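Comments concern the structure below.
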Amino acid sequence: MSKLKGFLFSSVPNILCELGSSTKVGELMKGLGSKHAMIVTDQGLRKLGLTDKIQEGIESQGIKCSIYDKVAEDPPESIVLELIQQCKENGVDGVVGVGGGSSMDTAKLTAFMAGDTKQSIQEVYGVGKTVGRRLPLVQVPTTAGTGSEVTDISVITTGVAEKKGVVGGQLYADYAVLDGDLTLSLPPKVSAATGIDAMVHAIEAYTSKFKKNVLSDVLAREALKLLSENIRLVCEDGQNREARGGMLLGSLYAGMAFANSPCAAVHALAYPIGSHFHVPHGLSNSLMLPHVLRFNKGEPKAAEMYKDLTPIVFPKEAGLKGTDVSVMADGFSQLSLDLNIPVNLGQVGIQEKDLEFLASEAMKVDRLMPNNPREVKLQDALDLYTQAYNN
């Protein structure tokens with residue numbers, strides 16, 4: 001019997017998982033003592049009416065409710081600073097993030113910066129630099145992909161296109177609320193890309209170099225089981241409530257896993273694609289995933305770990321072809337084709353002349369790249385982008 005390796009595992013204290021549960025956010029905010037809550041979301045979700053019942057529920061508890069709906073994909077620092085100022089000026093004492101990763105990342109950093117910290121936003125970028133207490137925070141995801149509702153990470157775009165992360169225990173929400181009904185309106189291509197994003201979280205957590213642990217492993221495997229069972233179902237029938245709920249729970253499990261066993265090269269390579277070419281984060285990950293899987297096969301320990309995952313994600317293919325990581329890589333390439341999302345960088349507007357620039361930018365993502373089970377050098381990054389371009 002192998003010796004159990006010690007680890008520290010952290011997550012949110014409360015998870016509410018129930019169809020229709022977003023109507024209970026008001027009760028949760030009241031229990032947290034909030035008198036003036038700020039819903040953080042984007043204009044698209046507000047126009048779809050996905051914040052209406054949440055706002056009604058908050059106001060029904062006698063809590064004042066404001067809405068900030070200017071969040072954009074890869075949220076710029078200027079948006080976060082504007083929101084923090086609004087919260088401070090208007091006496092906001094509780095924050096509710098409603099949306100995908102961009103809205104929830106903005107919400108968690110705002111809740112911290114509008115709390116009692118004396119730090120500037122520049123002082124909190126990095127790992128473990130947050131000092132102070134945040135405002136009460138409830139996170140309500142509307143996509144099954146980012147897992148941001150259960151992570152202590154907020155990724156913000158600074159300057160022109162550089163992404164910086166804030167990682168600190170204070171960014172864990174008081175509650176994560178999973179309401180599958182909020183994801184019923186997701187188009188098939190968005191469901192596909194965000195679903196694969198969640199699967200990447202689980203795969204990278206399972207093979208992460210430094211903080212991999214037995215609990216993150218259990219969550220990663222269960223996440224992949226739920227996600228692989230339901231991703232085709234939600235893309236074929238967006239109104240399948242049970243499948244939508246399964247995707248949200250799988251995404252949450254993956255989020256809990258990678259919050260404690262961090263992501264690696266797939267994400268590091270995806271970030272420049274998103275920030276410089278405005279490709280949605282989940283799609284950026286799906287474009288790079290098969291190529292990183294094949295690259296990591298060169299590390300024997302990773303190759304063995306992938307053999308655990310292949311039969312979970314693609315049981316039929318594993319039964320016919322075996323559990324080698326190449327079967328999983330080919331499976332993801334085929335999954336993207338089947339779900340009608342782009343499979344190479346050219347399809348999202350990237351040209352061959354851009355690849356060297358992308359490689360140099362990816363190597364700057366030093367929060368993630370070192371976590372990869374196989375070392376990625378500059379030439380490796382360029383080769384991976386080239387493979388993704390020629391796919």
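Since we're looking at a predicted model, the values are computed, not measured. All residue numbers in this chain count up from 1 along the given sequence.
Between the N372 side chain and the E375 main chain, no donor and acceptor come within less than 3.5 Å of each other. A donor-acceptor pair under 3.5 Å is formed between the side chain of K108 and the backbone N or O of S148. Using a distance-only test at 3.5 Å, with no hydrogens or angles considered, a donor-acceptor pair links the side chain of R134 to the main chain of Y172. Counting only distance, with no hydrogens or angles, the side chain of Y175 and the backbone of M29 share no donor-acceptor pair below 3.5 Å. The closest donor-acceptor contact from the side chain of N390 to the backbone of T386 lies under 3.5 Å. Judged by distance alone, the side chain of E204 and the main-chain N or O of V266 form a donor-acceptor pair under 3.5 Å. Here the side chain of D324 pairs no donor or acceptor atom with the backbone of V327 at under 3.5 angstrom. A donor-acceptor contact shorter than 3.5 Å links the side chain of S261 to the backbone of A205. T310 places a side-chain N or O within donor-acceptor distance of the main-chain N or O of T323, the cut-off being under 3.5 Å. Side chain of S154 to backbone of D105: a donor-acceptor contact under 3.5 angstrom is found.
Between K301 and E304, no side-chain nitrogen of the basic residue sits less than 4.0 Å from a carboxylate oxygen of the acidic one, so the salt-bridge criterion is not met. With respect to the salt-bridge test (charged N to carboxylate O, under 4.0 angstrom), the residues D181 and R244 do not qualify. Residues K377 and D383 are not paired through a salt bridge, judged by the lack of any N-O separation under 4.0 Å between the basic side chain and the carboxylate. A salt bridge links K70 to E82: one of the charged nitrogens lies within less than 4.0 Å of a carboxylate oxygen. A salt bridge is absent between R232 and E236: the closest approach of a Lys/Arg side-chain nitrogen to an acidic carboxylate oxygen does not fall below 4.0 angstrom. Salt bridge D93/K35: absent, no basic N to carboxylate O contact under 4.0 Å. At a threshold of 4.0 Å, the pair E77-K164 does not count as salt-bridged, since none of the basic side-chain nitrogens sits closer than that to a carboxylate oxygen. Ionic pairing of R241 and D179 is not present here: no N-O contact between side-chain nitrogen and carboxylate oxygen is shorter than 4.0 angstrom. Between R374 and D380 there is no salt bridge, since no side-chain nitrogen of the basic residue lies less than 4.0 Å from a carboxylate oxygen of the acidic one.
Between L137 and F112, every side-chain heavy-atom pair lies at or beyond the 4.5 Å cut-off. Side-chain contact between T41 and Y68: absent, with no pair of heavy atoms (C-beta onward) separated by less than 4.5 Å. Here the side chains of Q86 and M38 are in contact, with some heavy-atom distance below 4.5 Å. When side chains are defined from C-beta on, H36 counts as touching S66, because their heavy atoms get closer than 4.5 Å. Within the 4.5 Å cutoff, side-chain heavy atoms of L83 are placed close to those of C87. Annotation: side chain of L289 is not in contact with side chain of N285 (no heavy-atom distance under 4.5 Å). Side-chain contact between L233 and D237 is absent, with no heavy atoms from C-beta onward closer than 4.5 Å. Between M247 and L227, the closest side-chain pair of non-hydrogen atoms falls below 4.5 Å.
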Going through the checks in order, is the side-chain contact (heavy atoms from CB on, under 4.5 Å) test met by V325 and N296? CA-CA 9 Å; V325 66; N296 284 346; over 6 Å; no
Apply side-chain contact (heavy atoms from CB on, under 4.5 Å) to I153 and F258, showing your working. CA-CA 10 Å; I153 306 162; F258 89 80; 3.9 Å; yes
Checking side-chain contact (heavy atoms from CB on, under 4.5 Å) for the pair D42/L45: CA distance, chi angles, key distance, verdict? CA-CA 6 Å; D42 62 63; L45 291 179; 3.6 Å; yes
CA sep, side-chain torsions, deciding dist, call: K53, E56, salt bridge (Lys or Arg N to Asp or Glu O under 4.0 Å): CA-CA 5 Å; K53 289 185 178 180; E56 291 167 9; over 6 Å; no
Would you check, one step at a time, whether the test side-chain contact (heavy atoms from CB on, under 4.5 Å) holds for T23 with I54? CA-CA 5 Å; T23 59; I54 297 173; over 6 Å; no
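Taken to the nearest 0.5 Å, the CD atom of E27 stands 12.0 Å off from the CG atom of L32. Interatomic distance, F332 CZ to D338 CG, rounded to the nearest 0.5 Å: 12.5 Å. In this structure, NZ on K189 lies 11.0 Å from CG on L339, to the nearest 0.5 angstrom. The line from CZ of F9 to CG of L215 is 4.0 Å long, rounded to the nearest 0.5 Å. The OG1 atom of T110 lies 8.0 Å from the CD1 atom of I121; values are rounded to the nearest 0.5 Å. Rounding to the nearest 0.5 Å places CG of L109 at 11.0 Å from CD of Q170.
Here the shortest heavy-atom pairing between A220 and A202 reads CB-O, 3.4 Å. Across all their heavy atoms, V343 and S336 have their closest contact at CG1-CB, 3.7 Å. When all heavy atoms of G26 and I63 are compared, the closest pair comes out as O-CD1, 3.9 Å. Residue K209 comes nearest to P370 through the heavy atom pair CD-O, 3.7 Å, listed as atom of the first residue, atom of the second, then distance. Scanning all heavy atoms of the two residues, the minimum distance from C263 to N371 falls at O-ND2, 2.9 Å. Nearest heavy atoms, Y389 versus I350: CE1-O, 3.4 Å.
Under the 4.5 Å side-chain heavy-atom criterion for grouping Ile, Leu, Val, Met, Phe, Trp and Tyr, L355 is connected to L283 within one hydrophobic cluster. Two different hydrophobic clusters hold V40 and L50 under the rule that ILVMFWY side chains link at heavy-atom gaps under 4.5 Å. Hydrophobic clustering, with ILVMFWY side chains joined whenever heavy atoms are under 4.5 angstrom apart, keeps V71 apart from V98. Residues F314 and V200 fall within the same hydrophobic cluster, defined by Ile, Leu, Val, Met, Phe, Trp and Tyr side chains chained together at heavy-atom separations under 4.5 Å. By the rule that hydrophobic residues join a cluster once side-chain heavy atoms approach within less than 4.5 Å of another member, V150 and V155 end up as members of separate clusters.
Remark: of the listed residues V127, V80, T130, T130 is the sole one forming a side-chain contact (heavy atoms from CB on, under 4.5 Å) with V166. The residue from I39, L28, T51 that alone fulfils the side-chain contact (heavy atoms from CB on, under 4.5 Å) condition with V96 is I39.
More than 12 heavy atoms of other shown residues, nucleotides or ligands fall within 6.0 angstrom of atom NZ in K163. For E242, the CD atom counts as loosely surrounded, since its 6.0 Å shell holds 12 or fewer non-hydrogen atoms of other residues, nucleotides or ligands. The number of heavy atoms from other shown groups lying within 6.0 Å of CD (E356) does not exceed 12.
Relative ring orientation between H276 and F357 is described as perpendicular, the plane-to-plane angle rising above 60° on a 0-90° scale split at 30° and 60°. Ring geometry, H267 versus H281: the interplanar angle falls from 30° to 60°, so the pair is classed tilted.
Using modelled atom types, one finds no donor on one side chain facing an acceptor on the other under 3.5 Å when comparing S120 with Q122.
Judged by the 6.0 Å and 45° rule, K212 forms a cation-pi pair with Y206.
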